[in-house]
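See below for the structure under consideration.
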Amino acid sequence: MPEHDHLTDHEADQLDAHWRALNYLSAAQLYLRANPLLDEPLRPEHIKPRLLGHWGTCPGLGLMYTHLNRMIRRTGRRTMAVWGPGHGAAAVLAGAWLEGTYGELDPDASRDRAGMLRLFRDFSQPGGVPSHTAPDVPGSIQEGGELGYSLAHAYGAAFDHPDLLVCAVIGDGEAETGPLAASWHSNAFLDPVHDGAVLPVLHLNGYKIANPTVLSRLPREELELLLRGYGYEPVFVTADTGTPPAQAHRELAAALDGAVERIDALQQAARSADGPPAGQAEDRPHWPMIVLRTPKGWSGPRELDGLPVEGTWRAHQVPLPAVREDAEQLRALERWLRSYRPDDLFDEDGRPRGQVLEWVPEGSLRLGSVPEANGGRLLRRLPLPALEPHAVPVERPGGDAHEPTRVLGGMLAELMEATRERRDFRLFGPDETDSNHLDGVYEGSPRGWQAGYKPTDEHLGRHGRVLEVLSEHMCQGWLEGYVLTGRHGLFASYEAFANLVASMVAQHVKWVHSAREVTWRRPVASLNYLLTSHAWRQDHNGFSHQDPGFIDHVLNKSPDVVRVYLPPDTNTLLCVTDHALRTKDTVNLIVAAKHGCFDWLDLEQARAHCARGLGVWEWAGTERASEEPDVVLACAGDVPTQEVLAAASLLRSWLPRLAVRVVNVVDIARLTQPSQHPHGLPDPDFDAVFTRDRPVVFAYHGYPWLVHRLAYRRAVHELMSVRGYREAGSTTTPFDMVVRNGMDRYSLVMDVIDRVPGLATRAARVRQAAADLRERHHWYIREHGVDMPEVVNWRWPGR
């Protein structure tokens, strides 16, 4: 850390003026609906009827906003901030208003008296802006309602943005969460040559809502050892209740200057020689970080009713909660607001005075205007490869089999190669690229890795764009930060463990949904999931790995954002992935097989089928032209498709006069109506496929009640029997998984016999034969440990 004083007295006064202005604007947003410049004594009618928001973290966030401005103005460095304590939105909004960004994006929030009043009145009010750093807040890429994602978001933003500095302001309450605790390890994946830098600022203000925070109570030596163990070089800046603001400004300015100088040195050293030679752990850069300790609610009310407020948990939300009813609290509020000397900060028209704006950057260097924080401004269309070279040939349905994800890995390798120079696509996953049979992607890029190397390592490289870490939270956070700052990505995971990031994807869906309503937000690339190693082929890992519930979770969210695709074979997976990587402002969930899967459609057929979202496979059914079927066999998912086609072949052999229609569904939202989801199928189109009055036996990849929920308004719904995963699993054989859950071909045949009118009597022997085969299966797998030959060797017979 440099020893010299980084600020003159005049510069310290200028920074303090900006910080006081931020604090005034932040506090006033919580309280005022009139009298914005305190031209007259405060009266109850000047106060909002509902006081909503959080004060406690605002002074610390405002202090960082002030000093990041100075650093940017001094160095010209393109910088964005990720505000972990999103409850402090008032401070971030105040910073955007002072720098002029907010008024440029919303002319009603101009940098004058009228705009100031608009800023105050809109905050946390109906028809205004939320109390968190939502999409309405310029410069923000996360809401911060659910805590723990700031550091992962910051690293995701820094990946492949070599000239960008991302300051992650981390709340000490947030630091107690699992996702944040894991995210410290992100520095082992940051490439100093091709990536930008992340500067973590751990903001210790001591308290959560009503409890002390763990890290704030650690002795300094213990905390420093912890952070150094994570691979950082921490610099401590401490301000107590009695610390003169000028001293805090000097210490923070010196810490920030030193951190940026250290970052510059690390990047220059790495880039001058294109990085150190692989092979030694000590080659990994140890990046600087700042530990900023300030009192919670600093500069606010010292006490209330004889109890301390500043520096305690009582400052967390609204420190003076009854100002409309309590005259003494109203006077305390006025003393508090006037303590910032607003007359010195704003002229009579409400415009900030010169000293307030002295260190505010200009143009796109402002924190609220940095393009990366509105990533759609930087988004470029991916150079997606042609599918023809990767598609598998299909001479006849079911004539051959491939591993869909292995084929997809080749397509992703070509995409990695096509984006080698522009570096705007990455694959993220929790140590499962090989397991998920996507290892062909290494032909286009190795795994990114900055720590030590050993001779036995494979597919590691300092500049790799395949990122693997055994934390789904980190992968999700990296991907969110990456796409929100203008790039594209894919998250591949075991299906069962996608549930670990359920709340994270919910927050992202809410962000995208809200961002669509913010006129100045540009669309960003979609968040894409590939879930494989799915429930039906986790027979070897057992019950713990068998859970298709992530589909339900996603489809519960905003229908204008979420999409779910269940490609039944290799070529449909290629088509669906190609589509998903072209979309914007959605969350695309693709569930596909990694094990050998029959090829049903050639590429042309797959394209048409995926475009429709569902369709009748005429080659698989036995219905006669111009006549309605006796029964519809429907399927969604690769294993359900195989079982439905096996059931169709049995019915063709055992009951040749039965007219069977086979329907495959790729886009599960097609089952619902257009009023419920943009991909919903109109009733006439749905009825044309599923009929209005014939029984439907549906084999579905996930929990069967989802299909019922989606189709409950359809005319045929009362005649639908849905079979799927019903929480019956174990370490067993692949076919036993479908038997345990009643989705096997024999159960489907029996279901058809039971539901087609008059068939139960005529086909009693056929039904008994199917039941006997299910019984034979039970003793066969216990005797031999594998599935029956008629199951293992089954092939689609054709016509």
Side-chain angles (χ1 to χ4, degrees), residues 20-36 38 42-63 83 85-95 97 116-117 119-134 136-137 143-145 147 171-174 203 205-213 241 294-340 342:
R20 283 188 289 118
L22 282 178
N23 287 337
Y24 177 81
L25 296 170
S26 300
Q29 286 178 73
L30 270 63
Y31 288 97
L32 299 187
R33 65 189 305 269
N35 194 16
L38 304 183
L42 277 182
R43 299 193 302 272
E45 57 265 30
H46 298 152
I47 307 301
K48 295 178 179 180
R50 298 178 70 220
L51 302 180
L52 303 173
H54 297 77
W55 164 248
T57 191
C58 283
L61 297 189
L63 190 65
W83 307 101
H87 290 71
V92 185
L93 277 167
W97 186 85
M116 183 188 294
L117 184 59
L119 174 71
F120 296 169
R121 292 177 68 98
D122 276 0
F123 180 75
S124 203
Q125 295 294 303
V129 299
S131 65
H132 295 173
T133 50
D136 310 73
V137 179
E143 177 158 335
L147 302 178
D172 48 354
E174 179 188 21
H203 181 214
N205 65 26
Y207 294 91
K208 304 184 283 286
I209 294 175
N211 281 287
T213 56
T241 298
T294 66
K296 196 174 187 77
W298 194 17
S299 78
R302 293 289 181 91
E303 63 176 40
L304 176 63
D305 297 332
L307 297 174
V309 175
E310 183 187 45
T312 77
W313 53 270
R314 295 184 181 90
H316 181 74
Q317 290 182 300
V318 180
L320 300 173
V323 291
R324 283 176 65 96
E325 302 83 20
D326 188 319
E328 180 53 38
Q329 285 197 31
L330 183 63
R331 287 191 292 270
L333 173 61
E334 184 164 358
R335 289 194 299 271
W336 171 19
L337 293 177
R338 291 193 186 278
S339 73
Y340 298 120

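A quick note: this is a predicted structure, and the numbers were derived from the prediction, not measured.
To the nearest 0.5 Å, the span separating CG on Asp136 from CD on Glu143 amounts to 9.0 Å. Here the straight-line distance linking atom CG of Leu320 with atom CG of Asp326 works out to 9.0 Å at 0.5 Å rounding. To the nearest 0.5 Å, the span separating CZ on Phe120 from NE2 on His46 amounts to 13.0 Å. Atom CG of Leu25 is separated from atom CG of Leu30 by 12.0 Å, given to the nearest 0.5 angstrom. The CZ atom of Phe123 sits 8.5 Å away from atom CG of Leu52, with the distance rounded to the nearest 0.5 Å. Rounded to the nearest 0.5 angstrom, Gln29 CD and Met116 CE are separated by 10.5 Å.
Judged as a salt bridge (charged side-chain N to carboxylate O under 4.0 Å, His left out), not a single pair has a partner in residues 52-62 (not counting sequence neighbours).
Listed here is the closest heavy atom pair of Val309 and Pro319: CG1-CB, 3.8 Å. Closest approach of Trp336 to Ala27, counting heavy atoms only: CZ2-CB, 3.6 Å. Of all the heavy atoms in Tyr340 and Ser299, the pair that sits closest is OH-OG, 2.7 Å. Of all heavy-atom pairs spanning Ala94 and Ser26, the tightest one is CB-OG, 4.0 Å.
The side-chain contact (heavy atoms from CB on, under 4.5 Å) search around Asp122 returns Arg118, not counting sequence neighbours. The side-chain contact (heavy atoms from CB on, under 4.5 Å) search around Thr213 returns Asp172, Glu176, Lys208, Ser216, not counting sequence neighbours. With sequence neighbours left out, the side-chain contact (heavy atoms from CB on, under 4.5 Å) criterion links Ala21 to Leu98, Leu345, Phe346, Val356. Residues satisfying the salt bridge (Lys or Arg N to Asp or Glu O under 4.0 Å) criterion with Glu325, sequence neighbours excluded, are absent altogether. Checked against salt bridge (Lys or Arg N to Asp or Glu O under 4.0 Å), Arg33 has no partners two or more places apart in sequence or in another chain. For Trp298, the ring-ring contact (aromatic ring centres under 6.0 Å, His included) partners are Trp19, not counting sequence neighbours. When the side-chain hydrogen bond (donor to acceptor under 3.5 Å, both in side chains) test is applied to Trp313, no partner is found at least two apart in sequence or on another chain. Listed by chain and residue number, nothing satisfies the salt bridge (Lys or Arg N to Asp or Glu O under 4.0 Å) test with Glu303 (two or more places apart in sequence, or in another chain). With sequence neighbours left out, Leu51 forms a side-chain contact (heavy atoms from CB on, under 4.5 Å) with Tyr31, Ile47, Lys48, Val318, Val323. Residues satisfying the salt bridge (Lys or Arg N to Asp or Glu O under 4.0 Å) criterion with Arg20, sequence neighbours excluded, are Asp16.
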For residues 53-63, which side-chain N or O atoms pair as donor and acceptor with protein atoms under 3.5 Å away, sequence neighbours left out?
residue, atom, partner, partner atom, Å
His54, NE2, Gln317, NE2, 3.3
Trp55, NE1, Gly297, O, 3.3

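You'll find the side chain of Leu304 stays beyond 4.5 Å of the side chain of Arg314, heavy atoms only. Between Pro342 and Leu337 there is no side-chain heavy-atom pair separated by less than 4.5 Å.
One finds a salt bridge joining Glu328 and Arg331 here, because a Lys/Arg side-chain nitrogen approaches an Asp/Glu carboxylate oxygen to under 4.0 Å.
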